[in-house]
Number of protein chains: 2
Amino acid sequence: MNNRLKVLRAERGWSQQDLATRLEVSRQSVNAIETGRYDPSLPLAFRIADLFGMAIEDIFQRD
Amino acid sequence: MNNRLKVLRAERGWSQQDLATRLEVSRQSVNAIETGRYDPSLPLAFRIADLFGMAIEDIFQRD
DNA sequence: CACTTAAGTCAAGTTTCATTGACATAATGA
DNA sequence: TCATTATGTCAATGAAACTTGACTTAAGTG
């Protein structure tokens with residue numbers, strides 16, 4: 001899976017820490033997802049989609 | 001999270017084993033997801049959505 | 001009745017996701 | 001220059017997802 005998290009975050013002028021706080025996860029988790037080291041859990045993917053007001057499918061794509 | 005997996009599967013007349021085979025997971029995993037013991041990983045959620053030709057959001061809902 | 005299939009569950013093990021704490025690097029600003 | 005912020009990454013730990021193998025129960029079906 002790859003994702004558009006880094007772009008969406010940058011568009012809003014948020015740091016990884018800002019995003020992590022809004023998602024209630026650690027900064028390292030945001031970084032790991034952005035850099036593709038692992039995929040979020042389904043519940044976290046839902047929180048991300050909710051935060052950006054988008055569908056999961058529009059943020060995460062199969063590779 | 002709760003999900004409509006059991007219904008979607010039953011509509012197609014598939015056993016848990018049938019579904020597990022199509023998703024390339026164990027029968028116990030399908031059962032655990034259907035009975036709400038845990039949520040699928042994001043990659044597996046995508047495979048499920050693909051298989052049923054639906055969006056993840058139409059199969060899995062936050063509770 | 002005996003046999004098979006489906007579903008639910010448990011135990012024990014591996015892999016993946018997520019945590020805290022730490023360190024390095026680059027960029028910016030006082 | 002010195003301090004701060006942002007990002008990337010590592011190690012160690014814990015929690016969640018997923019595995020195999022086994023057992024039980026219920027519902028057909030010969």
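Computed from a prediction, not measured in an experiment: that's the story for all the values here. Proteins come first, then strands; the chains are lettered A, B, ... in the order of their sequence lines, and each starts at number 1.
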Nearest-angstrom distance from the residue atom [atom1] of [X] to [atom2] of [N]:
X	N	atom1	atom2	answer
A:M1	C:dC17	CE	C1'	15 Å
B:L42	D:dC18	CG	C1'	16 Å
A:L23	C:dC17	CG	C1'	15 Å
A:Q28	C:dC23	CD	C1'	12 Å
A:L5	D:dA6	CG	C1'	16 Å
A:E34	D:dT7	CD	P	8 Å
A:I33	C:dC17	CD1	C1'	9 Å
A:D39	C:dT15	CG	C1'	13 Å

Need to verify one output field. Residue with the more 5' nearest nucleotide on DNA chain C, B:D18 or B:A32?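 Between the two, 5'-proximity favours B:D18.
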Any [X] side-chain nitrogen or oxygen under 4.0 Å from OP1 or OP2 of [N]:
X	N	result
B:S29	D:dT19	yes
A:S15	D:dT5	no
A:S26	C:dT19	yes
A:S41	C:dA18	yes

Is it true that a side-chain atom of A:E57 and a backbone atom of B:I56 form a donor plus acceptor pair closer than 3.5 Å?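 The answer is yes, because a donor-acceptor pair under 3.5 Å joins these two groups.
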Treating B:S29 as the side-chain partner and B:V25 as the backbone partner, does any N or O pair qualify as donor plus acceptor under 3.5 Å?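 Checked: no pair found.
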State which of [options] makes the closest approach to the side chain of [X].
X	options	result
B:K6	C:dG8, D:dC18, C:dG21	C:dG8
A:R27	D:dG8, D:dC18, C:dT19	D:dG8
B:R9	D:dC18, D:dA6, C:dA7	C:dA7
B:Y38	D:dC18, C:dT9, C:dT19	D:dC18
A:N31	D:dC18, C:dC17, D:dT9	D:dT9
A:Q16	D:dG8, D:dC18, C:dA22	D:dG8

Between A:I48 and A:L8, does a side chain to side chain contact (heavy atoms under 4.5 Å, CB included) hold up when you go through it step by step? CA-CA 10 Å; A:I48 293 170; A:L8 294 169; over 6 Å; no
Is there a path of hydrophobic side-chain contacts, each under 4.5 Å between heavy atoms of I/L/V/M/F/W/Y residues, joining B:V7 to B:I59?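 No, no single cluster joins them.
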Report the distance from atom CG of A:D18 to atom CZ of A:R27, rounding to the nearest 0.5 Å.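 The distance works out to 12.0 Å.
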Under the 3.5 Å rule, do the base of C:dG8 and the side chain of B:R37 count as making a donor-acceptor pair?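 No pair found.
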